[in-house]
Structure formats: C-alpha cells, structure tokens
2 protein chains.
Amino acid sequence: MNSAKKKRLEANGWRVGSTAEFLNLSPEEAAYIELKLALSKALQDLRKSKNLTQVDLAKRIKSSQSRVAKMEAGDASVTMDLMFRSMFALGASRKKVVGMLV
Amino acid sequence: MNSAKKKRLEANGWRVGSTAEFLNLSPEEAAYIELKLALSKALQDLRKSKNLTQVDLAKRIKSSQSRVAKMEAGDASVTMDLMFRSMFALGASRKKVVGMLV
DNA sequence: TTGATATATGTCAAATATGACATATATTTG
DNA sequence: CAAATATATGTCATATTTGACATATATCAA
C-alpha cells in the first residue's frame, strides 16, 4: 500500500488498529475497506452521470448534503447499506451497481 | 412478487411501510432488499462450502452465533457491512464476493 | 474580484446495529 | 429413541450510524 492511499484512508477516519499497525492491515480488513472505497467512487460517478448535485441526491434519499459528501468521501461513519440505497435511488439496476464494483 | 417471498420478508422483520402497502415496494426499496437477501444467501453458501459452523464464523469475526444466524436469515437488523466483512473473513476475494451477487 | 452555487468537515441528539446471553427448535449421530 | 450438535429467535445495554445543522472551503460565472 502506498503512502497516498494510507493518507487517504487515515483522513477518512478509518481506525484499523493504531497508525503503527496501519501497514499490517489483514487481507480481510483491506478487502472490506477497498470495496467500500470502490462503492463510494461508484456512487459519485453515478450521481455525476445523472448531473445531480449532492443536495439533489440527499433529497431523494431523505438525507442531507453532508451525509452524501461523507458517502462519496468513503467516510468510515457511513454504512454500505446507505450507499447501495443511494445508488438504487439514482435509478441504477442491481446489474449496474454490481458491475461498478468488479 | 409472490406470496412466499412476501412472507419471507415479513418474517425477517422488514418494515417497508405497512403490510397493506407491502406489494407497492418502490423499485429502489425492492432492489436494496433483494440485494441484501442475495448477500445473505451468498454468505451462507460460502460458509457451508468451507464446512464451518455458525459458531466457527462467529469466532473469526468476533461476533456471536446468533448474529451469524441473523445475517444468513437476511434479518433487517444487520448491515451489509457486517455481511461483506464476514465473507472476506471466510477468505473470499472481492471478485468472488461480487460474482456471487450478480 | 464578488457573488452564487457546490462540496467538505465537524458536531450532536436520536435512531439503529451490535455482541452477548438465554433458550427454543432443528438436525445429526450413536 | 436420546444425546449431541447446529441453527433460530428474542431481548438488552452498549456502541455506532443517522439526519440535521453550522460553517469552512471550493468552483465557477459575471
């Protein structure tokens, strides 16, 4: 894992043991975090492809702009459930959503 | 949606409006719930393919047998995060996991 | 630049998920 | 069959996630 990715994860509030242990992410922890980051990227791409603002999306899912921003930033405080719901709210099919995670 | 699926969802504690509205699931609600159910099934298949008990899996993820049972039952009280983490803890790759959801 | 619009970041009370536990019910094994 | 093992179901105190809000920082057009 390069230092840019490390910084990105730390900045997003991920706490996977101490910073000292950071480079020793177990494979399963790493796979989970990376899938979540892929999901956040997919959500942002999808929203932009629909030419919607974060406020627009927030309204559709009855949430707030700040939470949408956190989803797209891959913040540790948001669940994948909310991200998947958001993508479906943007009209994506399951095939489309899953396809964006491969 | 057939009556068997309706019963299955209700039994799992899903509350998507009243029972009366049940057949009027919005497409995005339906897509989310069905993806989650697919995930619960995938997790169970994966665990069984490794010949592990729910207790075995619970230990690996530092959870409890009852929570594993709920995950596999597609209970509304468990997050997809925990399910994905579980699958990775079972040694599945991202490609494998995502592939089971197509 | 300035103003308008979009996104990011931090905080909090309320809502929801969590592991743990007890215990019920299947399922398997002898 | 009975005992052993596995899974299901319900509850609870604690932990985490939530929408909402304030406010900071971009981004862009006039």
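FYI, side chains are in, hydrogens and waters are out, and symmetry mates aren't considered; it's all heavy atoms of this structure. Chain letters run A, B, ... following the sequence lines, proteins first and then strands; every chain starts at 1.
- The two atoms that bring Arg60(A) and Leu90(A) nearest to each other are NH1-CA, 4.3 Å, heavy atoms only.
- In this structure, dA24(C) forms a base pair with dT7(D), meeting either the Watson-Crick or the G-U wobble geometry with both donor-acceptor distances under 3.5 Å.
- Judged as a side chain to side chain donor-acceptor pair (under 3.5 Å), and not counting sequence neighbours, Lys70(A) has no contacts.
- Evaluation of the salt bridge (charged side-chain N to carboxylate O under 4.0 Å, His left out) test over residues 43-56 of chain B, restricted to residues two or more places apart or in two chains, returns Lys41(B)-Asp45(B), Arg47(B)-Glu72(B).
- Annotation: side chain of Phe88(B) is not in contact with side chain of Ile33(A) (no heavy-atom distance under 4.5 Å).
- Here side chain to side chain donor-acceptor pair (under 3.5 Å) pairs that include residues 91-102 of chain A, with residues two or more places apart or in two chains, number zero.
- A salt bridge is absent between Asp75(A) and Arg67(A): the closest approach of a Lys/Arg side-chain nitrogen to an acidic carboxylate oxygen does not fall below 4.0 angstrom.
- Every side chain to side chain contact (heavy atoms under 4.5 Å, CB included) that Ala69(B) has, sequence neighbours left out, goes to Gln54(B), Gln65(B).
- Contact check of residues 44-58 of chain A against DNA chain D (heavy atom, cut-off under 4.0 Å) returns no residues at all.
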Heavy-atom contacts, protein to nucleotides 17-30 of chain D, under 4.0 Å, summarised as B (base), S (sugar-phosphate only) or - (none) per nt, yield SBBBB---------
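- Atom CG in Asp75(A) sits about 17 Å away from atom P in dT7(C), given to the nearest Å.
- Atom CE of Met71(B) and atom P of dA8(D) are 12 Å apart (whole Å).
- Of all heavy-atom pairs between Lys36(A) and Ala76(A), the closest is NZ-O, 4.0 Å.
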